Enquirer: 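Structure in structure tokens, see below.
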Amino acid sequence: MSKPSKIVCRFAPSPTGPLHVGGVRSALFNYLFAKQNNGKLVLRVEDTDKERSKQEYADDIVEGFKWLGLSFDETVIQSERIENHKKYLSILIEKGLAYVSKEKVTEEGQRAEVIRFKNPNRKIAFDDLIKGHIEFDTTELGDFVIAKSLSEPLFHLAVVADDFDMGITHVIRGEDHISNTPRQILIQEAIGAPRPLYAHIPLILATDKSKLSKRKHGESVSLKFYREQGYLPEALINFLALLGWNPGSDRELFSLKELVTEFKLDRVQKGGAIFNPEKLNWVNKEYLHLRPKGEVVETVTQILHEEPLTKYLADWQQVRLATILADRIQVFSEIKKILIEEGIEYLSHAPTCNPTELLWKKSPDPQNTKTHLLHVVKLLEELEPTASMEEVQSAILPYAEKEGKGEILWPMRFALSGKQKSIDPFNLASLLGITESISRLKTAANLLQ
RNA sequence: GGCCCUAUCGUCUAGUGGUUAGGACACGGCCUUCUCAAGGCUGUAACCGGGGUUCGACUCCCCGUAGGGUCACCA
């Protein structure tokens, strides 16, 4: 038995755009595989294209992973390793395995001279850890370009050189790289680098089954979008892990730590998976409920505080509204939607009630209803102006249970909100304040004969 | 179009020759409930087609078909 060498993985994004959810999943699978094998994980920022690479995107990538809680053992900037790439380039040229090629210039920006790899035109086969055996005839690739000039190495060369120097043992990357693999293997063989093991993971697809791309599918492909919408990092990680992988059981909720032990590369799906935001919302809700209630309420309060729609509410009212909302949302971004769609204008303006709707469907008696409303008023008058939901409840509930909950609670709630659907009466009375609640109940009672 | 990959409910998927084809999201119903939401129970819903192999195919093989990826002096 030879001592197994340490596993080294890498995630190698190019900073030409914001961090993509597909990239996050690639990074996640690398992370899980490396961690569970006590291996090393490297973040390699592939910025050899000076035209398109931007520092802000490199920052976005690093910040994104920091937010997610995915850590790398090492971060390398590919452009800083260019001397190394040049070294391999000159070796290839010396050996006659690459050459300076005179080009016909047909497009603007095209060089008259580039470095091409001398393709041995062989068949290349490799055993992908996910896809299985794959074969290519490299003849059709021709003598592909590996550098713009002696000092400007390109993608394929840089990847192979860096993977070699960094001792990468497993290349886990998106399926869109599958056709790059034979080229890279050819270069490896030319520079005498060992071949790493490949695992090409299926793509994350949009609803139309095409690859998620910013150009086609907009902002919702970037991690930042979900971060700004208030999704929880652990929910995103869990959801992404389940997209294309499953543990073989019915279990669906996993912490990152649990994923490290449960994840199996050979259980990764072969086909692409459509990104389903509804399922993400569900996962997020599960994690939201797992968080301490106080913490969630605090975040919701903060959001309400900055929300113009609730500016008119006093601070204590915002906290109470936040407490109610905290139980109802799947994602923090839903708050605004709820405020608008459900219409909570009744929080700021007393409703005008239709007397008929004030009556409980199972017992539509105006006289009784009026008596009940006035009795509720009496009970509320015993309370402090800012009584809590619990205080309101213990003041009203015994009476409601005695007389029939619907008979009391429906008219009470309707008198306070003027709506068929609203926050429950106890929360509502507490949220409006006792003084305002009494006033609304009296107004409603007066509508009844 | 060439090359490569893929194919189970609408979606994510379990399944590895014999299953009432299982779970989750979404959707519908019921219960709970003052309404809404949550929660509980439950229902509708799938093996792309055609040939083989086999006593027997969702499962193995071949051929179609469909979808996707990739074909840069980007990564």
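Worth knowing before you read on, the calculation uses all heavy atoms, side chains too, and leaves out hydrogens, waters and symmetry mates. A note on names: the letters A, B, ... follow the listed sequences, proteins ahead of strands, and every chain is numbered from 1. All values reported here derive from a predicted model rather than from experimental measurement.
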Enquirer: Quick one, give me the B/S/- string for nucleotides 58-71 of chain B, reading 5' to 3', where B means a protein heavy atom under 4.0 Å from the base and S means that only happens at the primed atoms, P, OP1 or OP2.
Expert: ---------SSSS-

Enquirer: Could you tell me which residues satisfy side-chain contact (heavy atoms from CB on, under 4.5 Å) with A:Ile434, sequence neighbours excluded, listed by chain and number?
Expert: A:Leu380, A:Leu383, A:Ala387, A:Val392, A:Ile438

Enquirer: Identify, with sequence neighbours excluded, every residue that meets salt bridge (Lys or Arg N to Asp or Glu O under 4.0 Å) alongside A:Lys54.
Expert: none

Enquirer: Given side-chain hydrogen bond (donor to acceptor under 3.5 Å, both in side chains), test A:His85 with A:Thr48 step by step and report yes or no.
Expert: CA-CA 11 Å; A:His85 309 150; A:Thr48 52; over 6 Å; no

Enquirer: Hey, what are the protein-to-nucleotides 47-49 of chain B N/O distances that come in under 3.5 Å?
Expert:
none

Enquirer: Only counting residues at least two apart or in another chain, list the ones meeting salt bridge (Lys or Arg N to Asp or Glu O under 4.0 Å) with A:Glu258.
Expert: A:Arg251

Enquirer: Give me the residues of residues 244-254 of chain A where at least one heavy atom lies under 4.0 Å from an atom of RNA chain B, by number, or none.
Expert: A:Gly244, A:Asn246, A:Asp250, A:Glu252

Enquirer: Mind listing the residues from residues 113-128 of chain A sitting with a heavy atom below 4.0 Å of RNA chain B? Number order is fine.
Expert: A:Val114

Enquirer: So which nucleotide from B:rA75, B:rC12, B:rC73 ends up closest to the side chain of A:Gln110?
Expert: B:rC73

Enquirer: What residues form a side-chain hydrogen bond (donor to acceptor under 3.5 Å, both in side chains) with A:Thr261, not counting sequence neighbours?
Expert: none

Enquirer: Tell which nucleotide pairs with B:rA45, taking only Watson-Crick or G-U wobble pairs whose two distances are both under 3.5 angstrom.
Expert: none

Enquirer: Pull out every protein N or O sitting under 3.5 Å from an N or O of nucleotides 42-44 of chain B, one pair per line with the distance.
Expert:
none

Enquirer: What does B:rU16 pair with, Watson-Crick or G-U, if both distances are under 3.5 Å?
Expert: none

Enquirer: With a 4.0 Å cut-off on heavy atoms, is A:Glu51 in touch with a base, just the backbone sugar-phosphate, or nothing at all?
Expert: nothing

Enquirer: Looking across every strand, which nucleic acid part, if any, lies under 4.0 Å from A:Gln269 by heavy atom: base, sugar-phosphate, or nothing?
Expert: sugar-phosphate

Enquirer: Go along nucleotides 29-40 of chain B 5' to 3' and tag each nucleotide: B for a protein heavy atom under 4.0 Å from its base, S when only backbone or sugar atoms are that close, - otherwise.
Expert: -----BBBS-S-

Enquirer: Enumerate the residue pairs fulfilling salt bridge (charged side-chain N to carboxylate O under 4.0 Å, His left out) with a member in residues 408-428 of chain A, sequence neighbours excluded, ordered by first and then second residue.
Expert: A:Glu345-A:Lys419

Enquirer: List for me each residue that meets salt bridge (Lys or Arg N to Asp or Glu O under 4.0 Å) alongside A:Asp176, sequence neighbours excluded, and say none if there are none.
Expert: A:Lys211

